[in-house]
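Data block below; observations after.
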Number of protein chains: 2
Amino acid sequence: MNMYKNIASIAALIGDQTRTTILASLADGKALTAGELSRITKVSPQTASSHLTKLVDGGLLTVQIQGRHRYYRLSSSSVAEIIEAIAKIAPPSPIRSLRESEQAKRLRFARTCYKHLAGELGVAFTTALVQKGYFQEGEESYQLTPSGSQWLNEFGVKTNHTEPIPRHIDWTERRHHIGGPIAVCITRRLTELEWIAEGEIRRSIVVSSLGRSMFEQEFQIKLWS
Amino acid sequence: MNMYKNIASIAALIGDQTRTTILASLADGKALTAGELSRITKVSPQTASSHLTKLVDGGLLTVQIQGRHRYYRLSSSSVAEIIEAIAKIAPPSPIRSLRESEQAKRLRFARTCYKHLAGELGVAFTTALVQKGYFQEGEESYQLTPSGSQWLNEFGVKTNHTEPIPRHIDWTERRHHIGGPIAVCITRRLTELEWIAEGEIRRSIVVSSLGRSMFEQEFQIKLWS
DNA sequence: TTCATATTTCGATCATACGTGAAATATCTG
DNA sequence: CAGATATTTCACGTATGATCGAAATATGAA
């Protein structure tokens, strides 16, 4: 029965904590260098290199050489979908320790995911939009409602989108949030309005004092940090 | 970074050829005994038992004890979805022999899945039922329509079912078909009417000449084999 | 009860593979 | 060119885990 040999080998490839961390770090589609991934996974550069080679050989990653740097990225979104499918049945994320690094906290607080808002803020924002009736949550997607369409125009996002909106799962929060082009437009508009801005830490987002008050005033989202 | 520990451990659980074969064998929702799975995977009963224990502990399988037999089955369809997601990027494996190919073909044609009709016939039949307006396909389920309810009664299936009907995915067809109790009832009725019958090969279904003409006449389903 | 079947537990073997130090290769900088 | 940085390759210790023989447990049959 070597019928499922390929499936098993791919699963085995994912089934290592260091490699899972690598894949998860690349899940937003960004490319990272071998050194960065070595630091993220907290293993030696040799070990990271070994894992990266295996992931490339296994077809999960592609590599792009730029000078002495090697940029690794997911070879396709299907890879991210596998991890997401596993995350669905994975036991809930461990309880956060009280003493966790400020950086981890901030990253979890607000993150960009394929250029749209994710993390706690993304989840809270999506929840608020659904509660206001702007979006309707379905089994696998969100749908923009007429009132939502109107709100989007008033908010400054032009769209005549009527297709289902991808529903993403936040890996740390295990909750849903909107994805796709609309989410990107909304995030861009939020940046324009200076409610949010890119933080110093890679992929992190900071909320301005204006944003803080606006999120609370308009969407009843209280930010505590 | 034990954030992705759970994901990695589940992937590692799938990442063994014997265990993948077990999971794939149970993918249609059927329950098999430890002995059957030992024979399918071609490992000793001890080895199979060890793997099964791990899969149950990992939450991928559930076990039901009946006398001296232990029936194992997938704990949820999410497990099947993981395998399917991996299969998407796994290179297809070559067919071993012509004989196996013939058997695979027949199995692909019509298969029972949770005692309901699957395979090509199941998919075609479901498509026809949706097209006739008897069922409405949603994101993750089907809904019985009033006209569908009426048709069911005329067809000889008594039901006052209004809950969503599970939507199953056929692995070989990659298309959807109805599942759940209603599908079982319909399949039973099809057997009663002698449109279909159990084939010689395990889990296979043969269509009678009556069934062949009826499927074509009533549902515009042409069977070529 | 006695025997057969189904399944698990224990113990031992063996292969795989993760991780790292050391060293090699390649690129950038001054 | 020399030195620093990025990354890989090699060699090796170690650990995990897949497999199976032997034995134990539980159920069904005679």
Side-chain angles (χ1 to χ4, degrees), chain A residues 1-26 30-73 202, chain B residues 1-2 4-26 30-73:
Chain A
M1 272 300 223
N2 74 339
M3 214 198 284
Y4 305 109
K5 200 174 180 179
N6 295 322
I7 292 176
S9 66
I10 288 180
L13 214 45
I14 302 172
D16 173 86
Q17 203 180 329
T18 304
R19 286 194 294 262
T20 304
T21 308
I22 289 174
L23 292 172
S25 305
L26 299 170
K30 248 181 187 153
L32 295 176
T33 67
E36 286 173 308
L37 290 166
S38 159
R39 256 166 277 131
I40 289 171
T41 56
K42 288 170 185 163
V43 293
S44 66
Q46 307 96 294
T47 304
S49 173
S50 161
H51 286 305
L52 289 168
T53 304
K54 284 171 187 170
L55 288 168
V56 171
D57 288 346
L60 300 188
L61 297 184
T62 58
V63 61
Q64 189 180 353
I65 300 177
Q66 248 174 56
R68 59 181 166 178
H69 296 280
R70 299 202 176 189
Y71 287 91
Y72 292 87
R73 71 175 70 226
R202 186 183 194 86
Chain B
M1 271 297 221
N2 73 340
Y4 304 108
K5 201 173 179 178
N6 295 325
I7 293 175
S9 67
I10 288 181
L13 214 46
I14 302 172
D16 173 86
Q17 202 180 331
T18 304
R19 286 195 293 263
T20 304
T21 307
I22 290 174
L23 292 172
S25 305
L26 300 170
K30 211 168 189 173
L32 295 176
T33 67
E36 286 173 308
L37 289 166
S38 160
R39 256 165 277 131
I40 289 172
T41 56
K42 288 168 184 162
V43 293
S44 67
Q46 306 96 295
T47 304
S49 174
S50 162
H51 286 305
L52 289 168
T53 304
K54 284 173 187 169
L55 288 168
V56 170
D57 289 346
L60 301 189
L61 297 185
T62 58
V63 61
Q64 190 180 353
I65 299 177
Q66 247 174 54
R68 59 181 166 177
H69 297 278
R70 299 202 177 189
Y71 288 91
Y72 291 89
R73 70 175 71 224

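The figures that follow rest on heavy atoms only: side chains count, while hydrogens, waters and symmetry mates do not.
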Between [atom2] of [N] and [atom1] of [X], the distance in whole Å:
{"X": "B/Gln17", "N": "D/dA18", "atom1": "CD", "atom2": "C1'", "value": "12 Å"}
{"X": "A/Leu55", "N": "D/dT8", "atom1": "CG", "atom2": "P", "value": "12 Å"}
{"X": "B/Ile40", "N": "C/dA6", "atom1": "CD1", "atom2": "P", "value": "15 Å"}
{"X": "B/Leu52", "N": "C/dA6", "atom1": "CG", "atom2": "P", "value": "15 Å"}
{"X": "A/Ile22", "N": "D/dT7", "atom1": "CD1", "atom2": "P", "value": "12 Å"}
{"X": "A/Tyr71", "N": "D/dA6", "atom1": "OH", "atom2": "P", "value": "11 Å"}
{"X": "B/Leu37", "N": "D/dT19", "atom1": "CG", "atom2": "P", "value": "14 Å"}

Just to verify, what does [X] make a side chain to side chain donor-acceptor pair (under 3.5 Å) with, not counting sequence neighbours?
{"X": "A/Ser9", "result": "none"}
{"X": "A/Thr33", "result": "A/Glu36"}
{"X": "B/Thr62", "result": "none"}

Practice problem: May I ask you to say what A/Ser38 touches in the nucleic acid, namely base, sugar-phosphate or nothing, with a heavy-atom cut-off under 4.0 Å? | Solution: nothing
Identify the pairs formed between an N or O of the protein and an N or O of nucleotides 21-25 of chain C at a distance under 3.5 Å, and give each distance.
residue, atom, partner, partner atom, Å
C/dG21, N7, A/Gln46, NE2, 2.5
C/dA22, N6, A/Gln46, NE2, 3.4

Quiz item: Does A/Tyr72 place a side-chain N or O at less than 4.0 Å from the phosphate oxygens OP1/OP2 of D/dA6?
Solution: no
Quiz item: Under 4.0 Å between a side-chain N or O of A/His69 and OP1 or OP2 of D/dT7?
Solution: yes
Exercise. Identify the heavy atoms of B/Val43 and B/Ala48 that sit nearest to each other, and give their distance.
Key: CG2-N, 3.9 Å
Quiz item: Do you know the tightest heavy-atom contact between A/Pro45 and A/Ser38?
Solution: N-OG, 3.5 Å
Exercise. Indicate yes or no: at least one non-hydrogen side-chain atom of B/Leu32 is less than 4.5 angstrom from one of B/Ile22.
Key: no
Quiz item: Ignoring hydrogens and angles, does a donor from either the side chain of A/Arg68 or the base of D/dT5 sit under 3.5 Å from an acceptor on the other?
Solution: yes
At a cut-off of 3.5 Å, list every protein nitrogen or oxygen paired with a nitrogen or oxygen from nucleotides 12-18 of chain C, distance to 0.1 Å.
residue, atom, partner, partner atom, Å
C/dC18, OP1, A/Arg19, NH2, 3.2
C/dC18, OP2, A/Arg19, NH1, 3.3
C/dC18, OP2, A/Lys54, NZ, 2.2

Report all side-chain donor-acceptor pairs from residues 51-60 of chain A shorter than 3.5 Å, counting only partners two or more places apart or in another chain.
residue, atom, partner, partner atom, Å
A/His51, ND1, A/Arg19, NH1, 3.1
A/Thr53, OG1, A/Ser49, O, 2.8

Self-check item: Approximate separation, where rounding is to 0.5 Å, of B/Leu37 CG and B/Lys42 NZ
Solution: 14.0 Å
Quiz prompt | Side-chain donor or acceptor of A/Ser25 paired with backbone N/O of A/Thr21 under 3.5 Å | solution = yes
Quiz item: Relative to the 5' end of DNA chain C, which residue comes earlier, B/Thr53 or B/Arg39, by the nucleotide with the nearest heavy atom?
Solution: B/Arg39
